Amino acid sequence: MSTSHGNAGSAWKNLAADLPASLVVFLVALPLCMGIALASGAPIVSGLIAGVVGGVVVGLLGGAPMQVSGPAAGLAVMVFGFIQTMGLAMTCAAVAAAGLLQMAFGGLKVARAALAISPAVIHGMLAGIGILIVLGQIHIVLGGSPQSSAWQNIKELPEQIIGLHGPAALLGLVTIGLMVVWPFIGKGKLKLVPAPLVAVVGATAVSVFWGADVARVQLPENVFSSIQLPALPAAGSWGTFIAAVLSLALVASAESLLCAVATDKMHTGPRANLDKELFAQGVANTVSGLIGGLPITGVIVRSAANLAAGAKSRWSAVMHGLWLLLFVTTLGSVAGLVPLTVLAGLLVVVGTKLVNLHHIRELQKRGEVLVYAVTVAGVVGINLLAGIGLGLLVAILRLLWRLGSVKVDVKQVQDEYLVEVSGSLTFVGVPRLSMALAQVPAGSKVRVDLAVDTLDHSGFEAIESWSDTHRKTGGSVVMESLEEVWVRSGTSKTSSPVLGHQVPNNTLASEGAR
């Protein structure tokens, strides 16, 4: 009996924390749902539908309880292209089909495979999308219209700046200013008020009191009657449709799973079940696509806000979705006061934040900036899939180069030869190693310093074979560092002519267990 009372008390305690947290997340998500719909070229209501479904469905079924899902800026450019090519109805069908594919991925328990994608490619993809969002939305901020490509947006920007469109431009710039300034002036309890809400409400209030004649958000009086039903492609459009389904499923899955891993690092509660989370994301995307919503992913901005506001369980995400539903169904007229240029200003700041300087510095330390830069250039200069493909190609080529990047220095020190081997000694680097060892005169005394990061069986046998041959010519070989490298590799080999002594089995077992 005491246990049931304890569980009830814990549930009420969680609810007391989750309720205010859900309101904070709702206030963050509301303007972002509308803004992402604008950037996607979709009706505003499509973004709100995705916010409701992401919160409620993923919140109830997901495997990452502290993650909050909804429409993501990271998919806005891709969705915009699909809507321009296929139309909204077919894009919704693609979202629903991508959800079915995600459910299959989750059922097959392949979620962790998505984490094998180089972080440099993911961060580069998001940065490229951020640049595209900024280049497109800055035209709306200035009172104009976005162009069809990044190059056209850059080309037309000077003319747009020269011909500022009065009230619209001023409201967009006010929004950007509030987004940038609020984190520095919001102190104490004011920190709980999210910057997107302050910016949208503040700029909207200015537009209302000013009586500015600008384009504003349009929501239908009856949301349910305006739901866009999906439509399957015509006979000649299946190739485009299938490409859209695969693209949405893969990119949305990778973004959601990486967000779940990042969210795990922000709290000490239960760890995410990635396969369960991926299945739930698939269910949500299928539901969202069937009722005219945008694609859904886990969103780090909302997840971080959720944790910062003190959320304790998944019910915070669920309730935030219910608040969105309540707003859409009862307060849609309030959204009609928001100027489109204000949402564009919000997206300019959101897009800028996708170019994360911290990530760039970390990638620079690991030597992966080239992968990042190629991905960004591909996304911005060609398209999203081309950027991801080029980034993965460079990442694979870099890996192959590293596997073959063994460095061998041979020098004479008094009466012996010193051979220093560093880098990665694998089958790719064996020819270079053999060429360097051929410089060592027969019958000489040799000391080999094998300080490598990676050693495979081919590299080990190449060293072993050369040592045997050199000893037969009357020379001597002293090996340094090899024992530690070979033991760390976890091999079952317990002796070697190179080492000249036995390696204890228990040492191998303990090292292999690590």
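Quick caveat: nothing in here was measured; it's all calculated off a predicted structure.
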Checklist entry - Checking side-chain contact (heavy atoms from CB on, under 4.5 Å) for the pair Leu157/Leu142: CA distance, chi angles, key distance, verdict? => result CA-CA 9 Å; Leu157 190 56; Leu142 298 175; 4.0 Å; yes
For residues 275-301, dump all side-chain donor-acceptor pairs below 3.5 Å to protein atoms at least two apart in sequence or in another chain.
residue: Asp275; atom: OD1; partner: Val110; partner atom: N; Å: 3.3
residue: Asp275; atom: OD1; partner: Ala111; partner atom: N; Å: 3.0
residue: Glu277; atom: OE1; partner: Gly63; partner atom: N; Å: 2.9
residue: Glu277; atom: OE1; partner: Ala64; partner atom: N; Å: 2.9
residue: Glu277; atom: OE2; partner: Gln67; partner atom: NE2; Å: 2.8
residue: Glu277; atom: OE2; partner: Gln281; partner atom: NE2; Å: 2.8
residue: Gln281; atom: NE2; partner: Ser69; partner atom: OG; Å: 2.9
residue: Asn285; atom: OD1; partner: Ile296; partner atom: N; Å: 2.6
residue: Asn285; atom: ND2; partner: Gln102; partner atom: OE1; Å: 2.7
residue: Asn285; atom: ND2; partner: Gln281; partner atom: O; Å: 3.3
residue: Asn285; atom: ND2; partner: Ile296; partner atom: O; Å: 3.1
residue: Thr286; atom: OG1; partner: Ala96; partner atom: O; Å: 3.2
residue: Thr286; atom: OG1; partner: Leu100; partner atom: N; Å: 3.3
residue: Thr286; atom: OG1; partner: Gly282; partner atom: O; Å: 3.0
residue: Ser288; atom: OG; partner: Leu294; partner atom: O; Å: 2.8

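- Between Met179 and Ile176, every side-chain heavy-atom pair lies at or beyond the 4.5 Å cut-off.
- For the pair Ile129 and Ile133, the minimum side-chain heavy-atom distance is below 4.5 Å.
- Using a 4.5 Å cut-off on side-chain heavy atoms (C-beta onward), Met86 and Thr240 make contact.
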Validation: residues 194-209 side-chain donor-acceptor distances under 3.5 Å, sequence neighbours left out:
residue: Thr204; atom: OG1; partner: Val200; partner atom: O; Å: 2.6
residue: Ser207; atom: OG; partner: Thr204; partner atom: O; Å: 2.6
residue: Ser207; atom: OG; partner: Arg216; partner atom: NH1; Å: 3.0

Next on the checklist: The test is side-chain contact (heavy atoms from CB on, under 4.5 Å); show your working for Ser247 and Phe82 and say whether it passes.
Outcome noted: CA-CA 11 Å; Ser247 304; Phe82 293 152; 4.2 Å; yes
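- The closest side-chain heavy-atom distance from Leu135 to Ile131 is below 4.5 Å.
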Checklist entry - Taking it one step at a time, do Val58 and Arg314 satisfy side-chain contact (heavy atoms from CB on, under 4.5 Å)? => result CA-CA 9 Å; Val58 181; Arg314 65 177 66 250; over 6 Å; no
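- Using a distance-only test at 3.5 Å, with no hydrogens or angles considered, a donor-acceptor pair links the side chain of His139 to the main chain of Asn153.
- Leu346 is not listed as a side-chain neighbour of Gln137, based on a closest heavy-atom distance of 4.5 Å or more.
- Counting all heavy atoms, side chain and backbone alike, Gly55 lies closest to His320 at CA-CE1, 3.6 Å.
- Taking all atoms of both residues into account, the shortest heavy-atom contact from Trp210 to Pro167 is CH2-CA, 3.5 Å.
- Across all non-hydrogen atoms, the minimal contact from Ala120 to Glu368 is CB-O, 3.9 Å.
- Using a 4.5 Å heavy-atom cutoff, the side chains of Trp315 and Ser22 are not in contact.
- Counting heavy atoms of neighbouring residues, nucleotides and ligands inside a 6.0 Å radius, atom CH2 of Trp238 exceeds 12 of them.
- At least one side-chain heavy atom of Leu248 sits under 4.5 Å from a side-chain heavy atom of Met78.
- When all heavy atoms are compared, the tightest approach of Ala94 to Phe241 is N-CE1, 3.4 Å.
- Two residues are said to be in side-chain contact when any heavy atoms from C-beta on lie closer than 4.5 Å; Ile382 and Leu390 meet this criterion.
- Of all the heavy atoms in Val348 and Val134, the pair that sits closest is O-CG2, 3.4 Å.
- In plain terms, the two heavy atoms of Thr175 and Gly345 that are nearest each other are CG2-C, 4.1 Å.
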